[in-house]
Amino acid sequence: MAKTKSAYFCQSCGYESAKWLGRCPSCNEWNTFVEEITEKAGSKVPSWKTASGSQRLNKPTKVDDIRALGEERILTGDQELDRVLGGGLVAGSMVLIGGEPGIGKSTLMLQLALNITGKKVLYISGEESEQQIKMRAERITNQPKANCYILTETSTQNIFKQIETLDPDIMIVDSIQTLHSAHIDSTPGSVSQVRECTAELLRFAKETNTPVFLIGHITKDGTIAGPKILEHMVDTVLQFEGDRHHVYRILRSIKNRFGAAAEMGIYAMHGNGLREVSNPSEILLLQREEDLSGIAISATLEGARPMLIETQALVSTAAYGTPQRSANGFDTKRMNMLLAVLEKRCGFKLSTRDVFLNIAGGIKVEDPAIDLAILVAIISSHEDIFISSKVCFAAEVGLSGEIRAVNRIEQRISEAEKLGFEKIFISSYNLKGLINTKYKIELSGVSKIEDVFSMLFG
Ligand code: TYD
Ligand code: MG
């Protein structure tokens with residue numbers, strides 16, 4: 001009789017080892033190895049039906065001879081999601097959606113299942129009961145004619161049995177960490193279970209050309225729980241993020257084999273589900289009655305979409321010996337770097353001041369073009385001089401205080417113009433390549449941070 005095989009897996013990164021180790025050689029985490037059974041005694045190579053596909057022998061083919069199939073895209077009816085996916089859902093693709101608990105992953109997926117037209121959707125839940133899902137469905141939609149089936153099941157083998165009779169067009173799994181396969185003995189959510197269940201679902205998706213959505217939990221540090229290879233196996237990884245106390249949620253693509261990564265969609269969570277936000281700039285710019293200091297507006301780009309975002313800074317005298325530095329929605333290390341540039345290049349004494357930074361709307365920005373707006377907001381608060389609400393900024397700031405060019409400047413300028421801004425500060429290198437007369441908005445090219453300050457604060 002065949003022996004049961006087991007191996008040790010790092011629960012943090014999925015590294016496999018034949019013996020127990022105290023420290024993972026791959027991710028350097030301590031005490032993360034757990035023994036897991038990789039193959040049960042007497043079990044065969046698992047497949048979603050029977051192992052047949054793997055017997056076929058593939059021959060090398062010249063690229064020119066491969067018949068190109070037009071990628072079949074399924075429109076989900078959710079414009080934000082379609083855009084993030086790169087223009088709709090690709091048949092046979094596997095999409096992983098990660099996010100913190102309570103952010104709205106189940107809501108987003110159920111909403112898709114209920115709103116898509118002409119497709120049979122199977123929603124598999126290992127987390128909630130049928131009644132709970134029904135209650136949520138009633139909250140989201142009042143048209144109960146959707147072609148959506150709910151299955152509360154956690155065994156992949158049972159799921160595949162149901163699929164054979166139901167034959168769904170789209171499948172949603174909530175969540176991958178609750179599933180278990182009979183081929184593996186470890187508990188649901190463990191590295192080898194997650195890997196095996198994903199592999200089985202992946203085989204099903206590719207063999208039947210059915211798109212599959214997987215919902216994945218994330219760990220404390222924000223990565224998707226389970227092995228990193230989970231992210232390698234799937235075609236697309238989306239991250240659903242936002243502040244639970246704000247209404248806005250952001251769906252970001254981290255990896256996408258069928259479209260641009262770093263694409264982004266914005267939703268607002270209401271009492272009756274998630275609503276798409278098609279014009280983000282208008283809500284991200286706070287309506288202001290009076291001019292306040294410490295606010296500057298940046299023309300940023302998220303994915304392919306330009307957005308104007310308000311950056312807010314508060315600079316105050318430090319109450320304790322060590323000044324506090326904190327940033328919401330912006331990298332704290334980068335803020336410290338920008339503050340050092342201000343000290344060294346412009347002579348502002350900020351070492352005895354608390355500096356707080358906030359990006360409006362609970363959004364996280366990684367676009368370096370926000371640098372200039374952040375510096376201006378800090379100085380505006382420091383000097384208590386307001387910046388006109390008709391002025392915006394789009395440039396990166398370098399370590400010696402030079403204003404650097406940013407990509408896709410035309411898009412940023414057009415968006416600012418569309419929203420009624422009268423002046424935009426950009427790098428003089430960006431300005432060189434532009435046809436100045438094309439725009440109604442005044443373009444101000446600057447090359448040093450000192451120039452910006454003397455123009456704004458005199
Ligand atoms: P949920 O989809 O359960 O989150 P996840 O699956 O990511 O854990 O979302 C739950 C939160 O969303 C919960 O706090 C309630 C809120 N919510 C609304 O505000 N409006 C709604 O219509 C729904 C369905 C949920
Ligand atoms: Mg959920």
Side-chain angles (χ1 to χ4, degrees), residues 76-81 84-85 94-116 121-144 146 148-154 156 159 170-180 188-189 193-194 197-198 201 212-226 230-231 234 236-254 264-278 283 361-364:
T76 61
D78 178 337
Q79 284 176 10
E80 297 292 296
L81 181 63
V84 174
L85 288 171
M94 189 171 236
V95 182
L96 175 66
I97 298 187
E100 283 182 23
I103 206 76
K105 303 179 293 296
S106 306
T107 307
L108 180 73
M109 284 294 107
L110 187 63
Q111 212 167 314
L112 170 128
L114 296 172
N115 290 341
I116 198 163
V121 185
L122 177 61
Y123 185 101
I124 297 158
S125 179
E127 305 207 328
E128 289 162 299
S129 68
E130 281 176 4
Q131 273 65 37
Q132 278 175 306
I133 299 170
K134 173 73 179 167
M135 268 161 56
R136 188 195 297 252
E138 276 176 348
R139 218 171 141 180
I140 296 173
T141 176
N142 37 22
Q143 23 164 206
C148 167
Y149 293 79
I150 308 291
L151 173 64
T152 47
E153 178 60 76
T154 54
T156 52
I159 290 172
I170 295 176
M171 192 159 110
I172 296 166
V173 177
D174 187 1
S175 64
I176 185 67
Q177 278 86 6
T178 58
L179 292 195
H180 63 89
Q193 274 293 4
V194 166
C197 294
T198 310
L201 289 166
V212 176
F213 282 100
L214 300 180
I215 293 181
H217 294 169
I218 64 168
T219 56
K220 286 198 295 297
D221 57 353
T223 54
I224 290 168
L230 187 58
E231 290 178 42
V234 301
T236 304
V237 180
L238 305 181
Q239 176 109 354
F240 207 33
E241 57 187 42
D243 193 329
R244 243 184 306 167
H245 308 293
H246 277 85
V247 286
Y248 299 112
R249 302 281 187 274
I250 293 162
L251 188 67
R252 242 181 239 282
S253 79
I254 297 174
M264 167 177 138
I266 302 186
Y267 295 87
M269 179 66 96
H270 290 280
N272 53 355
L274 289 158
R275 210 89 51 74
E276 298 161 32
V277 176
S278 46
I283 47 157
I363 300 224
K364 268 200 211 96

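Numbering of ligands and ligand atoms starts at 1, following listing order.
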Short N or O distance, Ser106 and ligand 1, threshold 3.5 Å exclusive: yes
Gly102, Gly98, Gly99: member with heavy atom nearest to atom 14 (O) of ligand 1: Gly102
Lys105 and ligand 1 - part of the residue with a heavy-atom distance under 4.0 Å: both
Side chain to side chain contact (heavy atoms under 4.5 Å, CB included) between Ile172 and Leu110, worked out: CA-CA 9 Å; Ile172 296 166; Leu110 187 63; over 6 Å; no
Donor-acceptor pair, side chain of Glu231 and main chain of Val237, under 3.5 angstrom: no
Subset of ligand 1 atoms that lie under 4.0 Å from at least one heavy atom of Pro101: 8 (O)
Any side-chain donor near an acceptor of the partner, Ser106 and Arg136, under 3.5 Å: no
Heavy-atom donor-acceptor pair, Lys105 side chain to His217 backbone, under 3.5 Å: no
Worked check of side chain to side chain contact (heavy atoms under 4.5 Å, CB included) between Leu251 and Leu81: CA-CA 8 Å; Leu251 188 67; Leu81 181 63; 3.5 Å; yes
Whether Arg139 side chain and Gly271 backbone form a donor-acceptor pair below 3.5 Å: yes
Contact partition for Asn272 relative to ligand 1, non-hydrogen atoms under 4.0 Å: backbone
Closest protein heavy atom to atom 4 (O) of ligand 1, given as residue, atom name and distance to 0.1 Å: Gly104 N, 3.1 Å
Shortest protein contact, atom 22 (O) of ligand 1 (heavy atom only): Gly273 N, 2.6 Å
Protein heavy atom at shortest distance from atom 23 (C) of ligand 1: Arg139 CZ, 3.7 Å
Side-chain heavy atoms of Phe240 within contact of Ile250, under 4.5 Å: no
Atom 16 (C) of ligand 1: nearest protein contact (heavy atom, Å): Met269 CE, 4.0 Å
Criterion side chain to side chain contact (heavy atoms under 4.5 Å, CB included) on Leu238 and Arg252, from CA distance to verdict: CA-CA 5 Å; Leu238 305 181; Arg252 242 181 239 282; over 6 Å; no
Check ion pair Glu241-Arg249 (N to O, under 4.0 angstrom): no
Closest protein heavy atom (residue, atom, distance) for atom 1 (P) of ligand 1: Arg136 NH1, 3.4 Å
Minimum-distance protein heavy atom relative to atom 20 (N) of ligand 1: His270 O, 2.7 Å
Under 3.5 Å: N/O of Gly271 near N/O of ligand 1: yes
Which residue and heavy atom of the protein sit nearest atom 2 (O) of ligand 1, plus the separation: Thr107 OG1, 2.6 Å
Side-chain H-bond candidate by donor/acceptor type, Ser125 with Asp174, under 3.5 Å: no
Ile140, any N or O under 3.5 Å of ligand 1 N or O: no
Ligand 1 contact by Glu100, heavy-atom criterion under 4.0 angstrom: yes
Contact flag Ser106/the Mg ion (ligand 2), N/O/S atoms, threshold under 2.8 Å: yes
